[in-house]
Protein chains: 4
Amino acid sequence: MPKLGMEPIRRAALLKATIDAIGDHGSLEVTVAQIARRAGMSPALAHHYFGSKDDMFLAAMRHVLTLYGAEVRMALAGAEGPRARLEAIVRAGFGPSNFRPEAVSAWLNFWTMARQSPGAARLLRIYEGRLRSNLLANLRPLVGARAPAAAERIAALIDGVYLRQGIRTGEPDPAQAVHLVLSALANETGETPQ
Amino acid sequence: MPKLGMEPIRRAALLKATIDAIGDHGSLEVTVAQIARRAGMSPALAHHYFGSKDDMFLAAMRHVLTLYGAEVRMALAGAEGPRARLEAIVRAGFGPSNFRPEAVSAWLNFWTMARQSPGAARLLRIYEGRLRSNLLANLRPLVGARAPAAAERIAALIDGVYLRQGIRTGEPDPAQAVHLVLSALANETGETPQ
Amino acid sequence: MPKLGMEPIRRAALLKATIDAIGDHGSLEVTVAQIARRAGMSPALAHHYFGSKDDMFLAAMRHVLTLYGAEVRMALAGAEGPRARLEAIVRAGFGPSNFRPEAVSAWLNFWTMARQSPGAARLLRIYEGRLRSNLLANLRPLVGARAPAAAERIAALIDGVYLRQGIRTGEPDPAQAVHLVLSALANETGETPQ
Amino acid sequence: MPKLGMEPIRRAALLKATIDAIGDHGSLEVTVAQIARRAGMSPALAHHYFGSKDDMFLAAMRHVLTLYGAEVRMALAGAEGPRARLEAIVRAGFGPSNFRPEAVSAWLNFWTMARQSPGAARLLRIYEGRLRSNLLANLRPLVGARAPAAAERIAALIDGVYLRQGIRTGEPDPAQAVHLVLSALANETGETPQ
DNA sequence: AATGAATGAGGATTCATTCAT
DNA sequence: GATGAATGAATCCTCATTCAT
């Protein structure tokens, strides 16, 4: 059974299992054993590959942000003009791979993790920075000097919608979430709001 | 040494200690012993008064919401007209007793607690409902049929601003937070946005 | 069953159990659980009273040295004149409570512990210092300027005899040990050696 | 990559690494992985060559004794007469290859190992026997019937000096150690002591 | 009312050892 | 010959909770 080159496979399996476990459980109080079992291996192996539970959590968070970043980049690639790009950013944030219940729940927990783990805080600030600068760059052509404040409002709104999904029961409704943010965006850009 | 009528005093001390401990620690992983020590009593007594750690956490959350509700009610009492009442609601949310770092941190953690504890989820939905209905009632005279969507946007924005404070370092800036939300409100009501 | 004032009793029982366990087992690789069971309590209680395994080991070592110190002091109390005092020191070192197999074994292990634990090293240096100064004070009247070197030789010899007992099988023979050291002492003081 | 005749090289590297690791660490609580890494190979290979950790430790101890034996034999080869031979024995014991900090530390730990491992105990008894018979053979011509007791005293003293080095900080001072033992020897043989 | 005493049930982590390649 | 992969079996330590006093 033991083969060579298992490391990347095992690591990926553990990261996915970590996110799912945190998402399912709704908190960071998940045991390494639970995660390892989910990933089909022993707790000892999880430690072998990640060193510690904290490191594994941090890697999982990084993974989530990487996925998010990729999704945003991909969405931006196909968008022309600031209006379309803003929409792309919003849609990417609520895209199917980010807006799953487990991902939202995991995300929420990573957020609280940032209060204790400097590494987690740093990751979160990176995400925040990217989101703000993406919004800002595309709002500027539309609203000029009001762009910084508008970007701040939209960013906070996105986070708020995400957060509130965390306590909703049932499946997330991406369409509604996107619509909510886009209508706020319309307010900002002076188009007919709804 | 045992005194009469200590119960309410002890309970209040424990609730305050719980919130502070969670806030300081930045997570729900606080031990009953830590909280009890903070409140100047033994862990056994904490159990005596609250039955279990979970119940104590729930009571603390209820306490936070009670304080918040009181603050909102008081702010509304002195406000005339929908515009002023909306401002009062916003200001109350970022008032000094709610927007302290520990309270924000505790709040954030209660939010994640809602994923596991039905009781916590219920409390959170009550808060949400109140916020929405308060916003809605006062937006209706200003924006008519657009009120429900606008209320939803403002509510999500408030939560987002709160959330983002959680990862900021340093003291919260209530004035800035209030300004951010009020400017979104201005967008909604068609006043000159800024 | 739970009574007040158990702490000193429990601590004493744990210290004794620690020494015996190390002695029996012949190494520091004894589990807290084994020690606690020996002392008739749960491992958790052992941690409650000593904080950590290392602290417990250190306390046990301190205990051994305290016993040794008391035995020496008592022996010195009844001895008149340098010759008698030297004999008292030697006899105390190989007295029944110090020269038991478990105590010798524990002692030997504490010795190696000193390589890693600064606390243990400090304790050992205190013991060494006391032994040397005791020997020195009483050798000076007998051998004058040669006292420092003689004290060093006798001290090393005492430790050596102890050490060698550690690998002997069977019961220690205090009489023989004492005789060995006293004959070396006779060599030093110029009496007819044997 | 696998070469022929690697076995003796690998084994020797592991033995040296074992002694150094124990010496550095100051205890037997060294992991096979640490030792193997020090020797530049995988833990699995260490097991391949020695079967088990205990066997590896035992082999390392044997190695130390072999080195010691060789050093003694070499020293004896160049010594004429009992007086010179006694000095040679003492000098060999505190020679540079035996009296290094790591070796002393390892030696001390092997000593405690003897309490648990019959194999280690046997090795130690062999060492003891050789030392005693070497001393005895050369003391007899000098002190006659007092030789057995004298040999015992000198042997214990040598072990004691070694032991005490274990808790000294800083480099061992072979000259001083030798001098200490030789002066005791002078006491025994009736030469002018110092 | 209040607490010291006590523990059972975990949980993270380590490590010697095995095995397929 | 050599190793990466893998794990079972500990081990220390923590903590909510109970209970007699």
Side-chain angles (χ1 to χ4, degrees), chain A residues 1-7 9-10 29-36 40-57, chain B residues 1-7 9-10 29-37 40-57, chain C residues 1-7 9-10 29-36 40-56, chain D residues 1-7 9-10 29-36 40-57:
Chain A
M1 212 164 300
K3 294 185 194 162
L4 271 101
M6 290 302 285
E7 175 152 358
I9 299 172
R10 293 298 200 186
E29 286 167 45
V30 199
T31 72
V32 174
Q34 286 164 353
I35 295 172
M41 66 194 87
S42 72
L45 195 54
H47 274 97
H48 176 68
Y49 282 124
F50 282 102
S52 79
K53 188 186 185 182
D54 281 357
D55 285 345
M56 199 161 68
F57 276 13
Chain B
M1 213 161 300
K3 295 176 195 165
L4 293 177
M6 288 301 283
E7 174 151 359
I9 298 174
R10 295 291 200 190
E29 286 168 44
V30 197
T31 70
V32 173
Q34 285 165 353
I35 295 172
R37 196 176 322 125
M41 66 195 89
S42 74
L45 196 53
H47 273 92
H48 176 67
Y49 280 125
F50 284 101
S52 81
K53 189 188 185 182
D54 281 357
D55 286 344
M56 198 162 69
F57 275 13
Chain C
M1 212 164 301
K3 295 188 193 158
L4 271 99
M6 290 303 284
E7 175 152 359
I9 298 172
R10 292 298 199 187
E29 285 168 45
V30 198
T31 70
V32 174
Q34 286 164 354
I35 295 174
M41 68 195 87
S42 72
L45 196 54
H47 275 98
H48 176 67
Y49 281 123
F50 281 102
S52 79
K53 190 188 184 180
D54 280 357
D55 286 345
M56 200 161 68
Chain D
M1 214 162 300
K3 295 175 196 168
L4 293 178
M6 288 300 283
E7 174 152 356
I9 298 173
R10 296 289 201 191
E29 286 169 45
V30 197
T31 71
V32 174
Q34 285 165 354
I35 295 173
M41 65 195 88
S42 73
L45 196 53
H47 273 91
H48 177 67
Y49 279 126
F50 284 100
S52 80
K53 189 188 185 182
D54 281 355
D55 286 344
M56 198 162 68
F57 275 13

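Quantities reported herein were computed from a predicted structural model and do not represent experimental measurements. By convention in this document, chain letters (A, B, ...) are assigned in the order of the sequence lines, proteins followed by strands, and residues within each chain are numbered from 1. Below, each value reflects all heavy atoms present in this structure, side chains not excepted, and no hydrogens, waters or symmetry copies.
- Rounded to whole Å, atom P of E/dG11 lies 10 Å from atom CD of A/Glu29.
- For D/Ala33, the side chain to side chain contact (heavy atoms under 4.5 Å, CB included) test picks out D/Thr31, D/Arg37, D/Pro43, with sequence neighbours left out.
- Note: CE (D/Met41) to P (F/dG4) measures 13 Å, nearest angstrom.
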**Prompt:** Dot-bracket, DNA chain F: Watson-Crick or G-U, under 3.5 angstrom, [ ] crossing, | other strand?
**Reply:** .||||||||||||||||||||
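- Residue order along DNA chain F, read from the 5' end via each residue's closest nucleotide, puts D/Ser42 first among C/Gln34 and D/Ser42.
- For D/Met6, the listed nucleotide lying nearest its side chain is F/dA2; candidates were F/dT11, F/dT7, F/dA2.
- Dashed line: the shortest gap from a side-chain N or O of C/Arg10 to OP1 or OP2 of E/dA6 is under 4.0 Å.
- A heavy atom closer than 4.0 Å to some atom of DNA chain E occurs in C/Ala44, C/Leu45, C/Tyr49, these being the qualifying members of residues 44-55 of chain C.
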Anything under 3.5 Å between a donor and an acceptor, one on a side chain of residues 48-57 of chain D, the other on a protein residue two or more places apart or in another chain? List them.
residue	atom	partner	partner atom	Å
D/Ser52	OG	D/Asp54	N	3.4
D/Ser52	OG	D/Asp55	N	3.2
D/Lys53	NZ	D/Val30	O	2.8

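- Among the nucleotides E/dC15, F/dT11, E/dA5, the one closest to the side chain of D/Thr31 is E/dC15.
- Rounded to an integer number of Å, the gap from CD of A/Glu7 to P of F/dT3 is 17 Å.
- Positionally, the nearest nucleotide of DNA chain F for D/Gly40 lies more toward the 5' end than for the other of D/Gly40 and C/Ala33.
- Distance CD1 (D/Ile9) to C1' (F/dA2): 15 Å, rounded to an integer number of Å.
- Residues forming a salt bridge (charged side-chain N to carboxylate O under 4.0 Å, His left out) with B/Glu29 (at least two apart in sequence, or on another chain): none.
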